[in-house]
Amino acid sequence: MPNVLAHNYVAHRVMRVATPNLALGSVLPDFAGMYRDYQGKRVDLRLFREGMLGWGIHLHRRTDEVFDAQPEKTRATADLAAHLRAYGIKPGAARLSAHLLADIMLDGALIDQHEPRGAFAALTEYILDGETELHSGKFTPDFTQFVEGYFEESVPTYYSEPEKLARITARRLAKRARTAKARADRTIGRDQLPALTEVIDIQADRVRRLGLSALTRTILILEQQTDAGVPVS
């Protein structure tokens with residue numbers, strides 16, 4: 001799930017205390033994905049397998065596995081994709097948009113809750129105060145600046161506004177198409193933004209409710225595995 005706030009919140013809940021590098025690792029794969037899509041450049045996360053940063057990356061991937069397996073996630077994305085197709089969005093673009101929106105709309109719900117918002121504020125301070133390995137010289141200055149820009153702008157505050165969500169989704173799909181030509185037909189035209197906005201507005205409460213339910217179960221599963229000594233990797 002490409003949602004920074006949710007992954008950071010899971011790290012705080014499951015690990016009890018999220019140190020700066022654990023918190024960074026828990027969201028790093030999402031930034032690597034965004035960096036690839038927006039900038040056409042790659043970050044090799046295989047270089048960061050050790051220490052708290054590596055543990056956070058493993059936790060991120062395990063969280064994705066558990067969250068994506070929850071029935072609420074399947075219902076949310078399937079219904080959202082069907083609704084988008086009914087409004088004239090091409091099937092490929094509808095499917096990709098549904099998966100992206102289900103994740104970032106969850107972040108839009110979490111930003112209004114005290115505990116997730118507090119965890120995000122802590123991560124923001126870690127990043128912008130240079131407390132993580134992001135500023136250790138292990139990452140390119142371009143990537144470091146890319147990540148910092150997200151927190152300086154506090155991007156999740158946009159995730160409750162249908163029009164901004166529509167523009168974010170269309171832009172992300174367009175950027176993916178530039179770096180992966182096979183996806184060129186999986187984009188949303190400017191003329192389709194009103195339809196996308198309307199579907200987001202109609203589906204928002206349901207998608208957020210299903211996402212929160214799936215996230216709650218995901219946290220419980222990961223907590224049980226950790227308490228039982230099962231590695232989260």
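Model, not experiment: these values are computed from the prediction.
When all heavy atoms are compared, the tightest approach of I200 to M105 is O-CE, 4.1 Å. Listed here is the closest heavy atom pair of L173 and A93: CD1-O, 4.0 Å. What you find for V43 and A32 is that their closest heavy atoms are CB-CB, 4.3 Å. Here the closest non-hydrogen pair linking A23 and N8 is CB-OD1, 3.8 Å. Heavy-atom minimum distance, P162 versus D201: CG-OD1, 3.8 Å. Counting all heavy atoms, side chain and backbone alike, V14 lies closest to I219 at CG2-O, 4.2 Å.
The distance from atom NE2 of H7 to atom OG1 of T63, rounded to the nearest 0.5 Å, is 6.0 Å. The line from CZ of R217 to CD of Q70 is 5.0 Å long, rounded to the nearest 0.5 Å. The structure places OG of S154 at 5.5 Å from CD1 of I111, a figure rounded to the nearest 0.5 Å. Expressed to the nearest 0.5 Å, how far CD of Q145 lies from CD of E152 amounts to 8.0 Å. Distance CD/Q192 to OG1/T197: 11.5 Å, rounded to 0.5 Å. Between the OG atom of S26 and the CG atom of L123 there is a distance of 6.5 Å, given to the nearest 0.5 Å.
Within 6.0 Å of atom CZ in R49, 12 or fewer heavy atoms from other residues, nucleotides or ligands are found, so the atom counts as exposed in its surroundings. The local environment of CG in D112 is crowded, with over 12 non-hydrogen atoms from other residues, nucleotides or ligands closer than 6.0 Å.
Within the 4.5 Å cutoff, the side chain of F143 has heavy atoms near those of the L28 side chain. Proximity of T19 to L22: side-chain heavy atoms (C-beta onward) are separated by under 4.5 Å at one or more points. With contacts defined as side-chain heavy-atom distances shorter than 4.5 Å, the pair Y126/L134 does not qualify. Side-chain contact check for R95 versus R85: every heavy-atom pair is 4.5 Å or farther apart. With a 4.5 Å cut-off on side-chain heavy atoms, P156 and V4 do not count as touching. Two residues are said to be in side-chain contact when any heavy atoms from C-beta on lie closer than 4.5 Å; L193 and R190 meet this criterion.
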(message) side-chain contact (heavy atoms from CB on, under 4.5 Å), that's the test. Do R186 and K90 meet it? Break it down for me.
(response) CA-CA 7 Å; R186 302 176 187 177; K90 293 180 181 179; over 6 Å; no
(request) Report the C-alpha distance between L45 and R61 in whole Å, list the side-chain angles of each, state the deciding distance to 0.1 Å, and finish with yes or no for side-chain contact (heavy atoms from CB on, under 4.5 Å). (result) CA-CA 12 Å; L45 296 183; R61 289 170 174 159; 3.8 Å; yes
(request) For R206 and Q203, run side-chain contact (heavy atoms from CB on, under 4.5 Å): C-alpha distance rounded to whole Å, both residues' side-chain angles, the deciding distance at 0.1 Å, then the answer. (result) CA-CA 6 Å; R206 181 173 185 273; Q203 289 274 347; 4.2 Å; yes
(request) Evaluate the salt bridge (charged side-chain N to carboxylate O under 4.0 Å, His left out) criterion for residues R176 and D37: first the C-alpha distance (whole Å), next the side-chain angles of each, then the deciding distance (0.1 Å), finally the verdict. (result) CA-CA 5 Å; R176 284 186 178 184; D37 288 345; 2.9 Å; yes
(message) Between F151 and F31, is the ring pair (Phe, Tyr, Trp, His ring centres under 6.0 Å) condition met? List the steps.
(response) CA-CA 11 Å; F151 290 97; F31 282 107; 5.7 Å; yes
(request) Check the pair L196, L101 against side-chain contact (heavy atoms from CB on, under 4.5 Å), reporting the backbone distance first and the verdict last. (result) CA-CA 11 Å; L196 179 58; L101 284 166; 4.1 Å; yes
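Residue W55 is grouped with residue L47 when hydrophobic side chains (ILVMFWY) are merged at heavy-atom distances under 4.5 angstrom, including chains of intermediate members. Grouping the Ile, Leu, Val, Met, Phe, Trp and Tyr side chains by contacts below 4.5 angstrom, directly or via other members, places M34 with L106. No continuous path of hydrophobic side-chain contacts links L110 to L220 [ILVMFWY only; heavy atoms under 4.5 Å]. In the hydrophobic clustering of ILVMFWY residues, with side-chain heavy atoms under 4.5 Å counting as a link, I221 and L210 come out apart.
Of the N and O atoms on the side chains of N3 and Y159, not one donor lies less than 3.5 Å from an acceptor on the other residue. Side chains of Y9 and Q113: no donor on one and acceptor on the other come within 3.5 Å. One side chain, E148 or H135, offers a donor N or O that lies under 3.5 Å from an acceptor on the other. Side-chain N/O atoms of S213 and E72 include a donor and acceptor closer than 3.5 Å.
Formation of a donor-acceptor pair under 3.5 Å by the S136 side chain with backbone atoms of E133 is found in this model. D107 contributes a side-chain N or O that, together with a main-chain N or O of A6, makes up a donor-acceptor pair within less than 3.5 Å.
Ion pairing of D142 with K41 is present here, as a side-chain N (NZ or NE/NH1/NH2) and a carboxylate O approach within less than 4.0 Å.
Under the 6.0 Å distance and 45° angle rule, R42 does not count as a cation-pi partner of Y35.
Ring centroids of F139 and F146 are separated by 6.0 Å or more, keeping the two rings apart.
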